[in-house]
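See below for the structure under consideration.
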Amino acid sequence: MPDPVGKLPSELDQLPDRDAEETAEWAASLDAVTEHAGPHRAAYLMRRTLQHAERGGVPVPALLETDYVNTIPTAAEPAFDGDEAMETRIAGWNRWNAAAMVTRGSRLGVGGHIATFASAAWLYETGFNHFFRGKEGDGSGDQLYIQGHASPGIYARAFLDGRLTEDHLDNFRQEAGGKGLPSYPHPRRLPWLWEFPTVSMGLGPLSAIYQARFNRYLTNRGIKDTSASHVWAFLGDGEMDEPESTAALALAAREGLDNLTFVINCNLQRLDGPVRANFKIVQELESQFRGAGWNVVKSLWGTAWDELFALDTTGALVRRLREVPDAQFQTYATRDVAYIREHFFGAEPALAELAKLLTDAKIDECFHSSRGGHEARKVYAAYRAALAHKGAPTVVLAQTVKGYTLGTGFESRNANHQMKKLSGDQFRTMRDLLGLPIPDSKLNDELVPYGHPGADSPEVRYLQERRAELGGPAPARRVHAVALPEPSEKAFQSVYKGSGKQSVATTMAFVRLVKDLMRDKETGRRWVPIVPDEARTFGMEALFPSAGIYSPLGQTYDPVDRDQIMYYKEAKDGQILNEGITEAGSMADFIAAATSYATHGETMIPFYIFYSMFGWQRTGDQMWQLADQLGKGFIVGATAGRTTLTGEGLQHADGHSHLLAATNPASLNYDPAFAYEIAVIVKDGLRRMYGPDAEDVFYYLTVYNEPMPQPAMPEGVEEGIVKGLYRFKEGVPAKADSPRLQLLASGTAIHWVLAAQELLAAEWGVTADVWSATSWGELRRDALEADEALLRGEQRTPYVTQALDGAPGPVLAVSDWMRQVPDQISQWVEQDYSSLGTDGFGLSDTREAARRHFGVDAHSITVAALAQLARRGEVPASAVKEARERYGL
């Protein structure tokens with residue numbers, strides 16, 4: 001018989017039942033429990049049965065959500081390996097100094113955040129005292145992604161440790177003088193302390209996953225044994241709404257990254273109010289992480305709750321905790337006991353009876369302060385469980401009170417993220433709560449003092465001894481500068497020769513160059529090719545069998561193309577990171593590789609090659625993260641330009657990435673026209689980024705998918721290529737008084753300009769010199785530096801001005817980019833200057849039609865050149881009209 005309308009058979013209904021009678025007995029037992037003990041008891045038994053089966057290895061679907069209680073009961077907590085009273089005093093000093101630093105800074109209007117660290121203090125303190133491995137021990141130490149708004153607490157601990165002074169703290173957010181502390185974790189501003197910038201929310205968790213994965217990559221490739229390194233990412237529950245925060249959870253589980261722990265501070269608040277006002281963020285995150293394959297450890301309730309749970313013989317308390325939405329629980333933390341008795345315990349009779357057994361003091365403690373994230377033993381147990389779990393990453397969901405210990409004016413208040421200071425009375429209350437020996441005479445509303453127990457105090461000795469046992473101070477960034485040897489000249493020489501009659505796209509020329517460089521005996525293994533599932537588009541499939549695609553499992557299947565030379569080869573020691581369709585993941589890979597010289601003392605040479613605009617446009621925030629983290633490597637925008645990607649249309653027609661890249665001070669941006677230019681730029685990049693005087697920069701190259709004959713390198717052009725401009729082909733005047741002009745072009749536009757040069761000479765008697773502008777951005781950078789030198793009283797002429805000095809006629813600049821890209825240099829060009837570009841949206845058509853549409857083809861350039869000369873009176877205006885008609889413009 002078919003099922004009734006509206007009902008579908010379950011998966012189990014479709015499977016054969018080998019013992020229907022036994023199945024019926026189990027179902028009848030569940031029905032009996034439901035009828036006699038109620039649905040809550042039936043649900044409890046089902047959850048416990050599933051948990052038991054899961055622990056026993058029975059292949060049943062895992063529960064996505066568990067009760068709203070601690071994963072580790074108090075009775076199962078491990079012995080605490082430390083002096084809890086001592087650590088409490090240390091945490092008290094850190095809380096005080098973090099609040100004092102921000103409050104003192106608020107006098108100058110620089111602001112700061114107090115409430116985040118106040119809630120998370122024990123999450124950090126427990127790690128620093130017991131878990132976080134430093135860089136002075138064996139291996140690379142641990143990698144710590146600190147929640148950005150908690151930075152005052154990290155500074156406060158470094159002050160207690162003797163690594164910072166009061167002067168440093170008083171210059172929080174005041175960096176202009178060179179002695180200040182940056183607002184947030186920022187390696188470029190405080191490179192001896194911070195390793196990872198984390199305040200662009202969502203990028204921290206994403207990067208932490210790929211950092212843990214890259215650690216395994218280094219080990220599997222035999223570069224360095226990183227098995228002792230653990231990645232800790234401290235995150236906010238509100239931050240998990242950023243799509244990047246959860247974008248790679250499945251990757252971490254799929255690759256079994258048990259060297260990774262997320263610690264999510266679940267204070268139930270984001271910047272303006274509750275994270276999940278009408279829901280429960282902890283339960284939502286648990287389901288999300290469990291569903292992705294992570295191990296989940298919840299540390300929600302402090303020890304004070306043990307009595308309540310012991311009295312909950314009916315399960316009413318646990319049910320109530322599950323159903324109360326976060327915003328209401330936040331309210332409980334700010335209201336009196338009478339309110340809690342009425343609104344929480346008054347929800348059902350069983351709870352009301354339980355409440356009669358509790359004193360007001362017990363209820364006050366439980367609802368106003370006792371959270372799993374506020375007790376060292378609870379956090380210690382959670383971290384121990386995280387490190388003990390093998391085969392999957394762990395997330396610790398620790399519940400806290402935002403603004404904890406800062407007083408009733410701060411704790412759990414919606415506005416506490418924007419509250420930047422405490423009053424003198426609030427500091428007195430905080431001092432008393434923390435038990436700090438700070439006299440009233442030093443407390444006022446003007447300048448609250450910093451507190452320090454003394455450099456030789458038991459607290460400081462304990463702190464330093466703990467850090468010494470764990471391998472030195474943390475967080476800390478260490479750079480062991482080891483220059484890489486220059487690769488063999490052979491790879492570059494083969495490109496300098498050109499391609500003869502063979503047409504080769506510059507995308508392919510770059511890939512061939514890198515393929516040869518990866519064969520270098522000294523540096524070849526340090527190259528890290530990164531591609532977001534477009535390797536074949538870029539002609540990189542030749543790297544598959546030779547370099548291999550990285551997979552921690554190796555290759556567990558027979559590839560469908562195994563009988564081909566360029567088959568799809570995965571290997572545990574594979575060199576290529578082929579990330580699938582994720583530019584964000586590819587950039588996170590790149591950042592991990594680009595900063596390995598500091599993180600692990602192992603210099604790697606990553607190149608990340610992406611499709612069209614899906615680098616700077618899609619992941620521009622990560623490009624800034626790369627700069628913040630002082631990363632080095634080559635970012636390659638393949639299939640570049642607005643008119644070369646035939647037929648793809650406006651979503652793929654990139655005419656603006658060079659403009660976006662120009663905003664990043666660490667990015668050296670090049671748009672080479674020829675293969676030999678690429679070779680010169682890559683060689684220069686290797687010198688500047690990995691040589692004896694290594695710079696904290698990265699290179700951005702755009703390469704094209706338009707096959708063209710590649711000329712041999714002319715003599716003496718290397719300096720111009722690197723600086724951004726050189727004369728590629730000088731025009732030959734038909735007669736002495738021929739009108740003259742200068743044509744500047746970058747990238748693939750050089751071919752249209754060369755064609756226009758011939759048209760101008762053959763049909764209009766105009767002589768044009770053609771210049772290859774390999775980098776509009778570097779020309780501008782040099783010119784800006786010259787302007788700055790002038791302000792200091794130093795006279796220096798910009799390179800672009802020098803290069804074009806004396807060049808006759810006006811200048812017309814052309815590129816496959818928006819006109820703003822070549823216009824970056826206009827103010828330093830002494831000749832009359834104009835430009836052509838591809839402003840507007842792209843379109844699907846042939847290259848020729850697209851270039852005619854944007855007015856950058858050879859005919860359009862010819863007309864524009866004549867118009868420029870006509871304005872100067874050097875050709876008749878009628879010539880412009882005639883040219884338009886002749887070329888159909």
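The shown structure was predicted, so the numbers you read here are calculated from the model rather than taken from an experiment.
- In this pair, Phe262 and Trp294 present their aromatic rings tilted. The plane angle is within the 30 to 60° band.
- A donor-acceptor contact closer than 3.5 angstrom links the side chains of Thr303 and Glu375.
- Residues Gln625 and Ser207 have side chains that bring a donor and an acceptor to within less than 3.5 angstrom of each other.
- Side-chain N or O atoms of His130 include one that pairs as donor or acceptor with a backbone N or O of Asp81 at under 3.5 Å.
- The pair Glu602-Arg221 fails the salt-bridge criterion, with no side-chain N (NZ, NE, NH1 or NH2) lying under 4.0 Å from an Asp/Glu carboxylate O.
- In this model, a donor atom of one side chain and an acceptor atom of the other lie less than 3.5 Å apart for Asn215 and Gln211.
- Residues satisfying the salt bridge (charged side-chain N to carboxylate O under 4.0 Å, His left out) criterion with Glu242, sequence neighbours excluded, are absent altogether.
- Taking 4.0 Å as the cut-off between side-chain N and carboxylate O, Lys298 and Asp67 do not count as a salt-bridged pair.
- Residue pairs meeting the side-chain hydrogen bond (donor to acceptor under 3.5 Å, both in side chains) criterion with at least one member in residues 226-240, sequence neighbours excluded: Asp142-Trp232, Thr219-Thr226, Asp225-Ser227, His230-Thr261.
- With sequence neighbours excluded, no residue forms a salt bridge (charged side-chain N to carboxylate O under 4.0 Å, His left out) with Glu244.
- Tyr550 and Asn220 are linked by a side-chain donor-acceptor pair at a separation below 3.5 angstrom, with hydrogens and angles left out of the test.
- Between Asp170 and Lys179 there is no salt bridge, since no side-chain N of the basic residue sits under 4.0 Å from a carboxylate O of the acidic one.
- Applying the side-chain hydrogen bond (donor to acceptor under 3.5 Å, both in side chains) rule to pairs touching residues 184-199 yields His113-Tyr184, Lys135-Glu195, Tyr155-Trp194, Arg173-Tyr184, His186-Asp628, sequence neighbours excluded.
- Checked by atom type and distance alone, the side chain of Ser287 pairs as donor or acceptor with a backbone atom of Leu64 at under 3.5 Å.
- Remark: Arg276 pairs with Asp241, Glu284 by the salt bridge (charged side-chain N to carboxylate O under 4.0 Å, His left out) rule, at least two apart or across chains.
- When all heavy atoms are compared, the tightest approach of Trp305 to Ser370 is NE1-O, 3.1 Å.
- Scanning for side-chain contact (heavy atoms from CB on, under 4.5 Å) contacts around Pro449 gives Ile438, Lys442, Leu443, with sequence neighbours left out.
- Gln283 places a side-chain N or O within 3.5 Å of a backbone atom of Thr66 that can act as its donor or acceptor partner.
- One finds no salt bridge joining Arg377 and Glu77 here, because no Lys/Arg side-chain nitrogen approaches an Asp/Glu carboxylate oxygen to under 4.0 Å.
- At a cut-off of 3.5 Å, with distance as the only test, a side-chain donor of Arg384 or Tyr380 sits close to an acceptor on the other residue.
- Between Phe159 and Tyr450, the ring-plane angle classifies as tilted under the 30° and 60° cut-offs.
- In terms of modelled atom types and a separation under 3.5 Å, the side chain of Arg254 and the main chain of Gly293 share no donor-acceptor contact.
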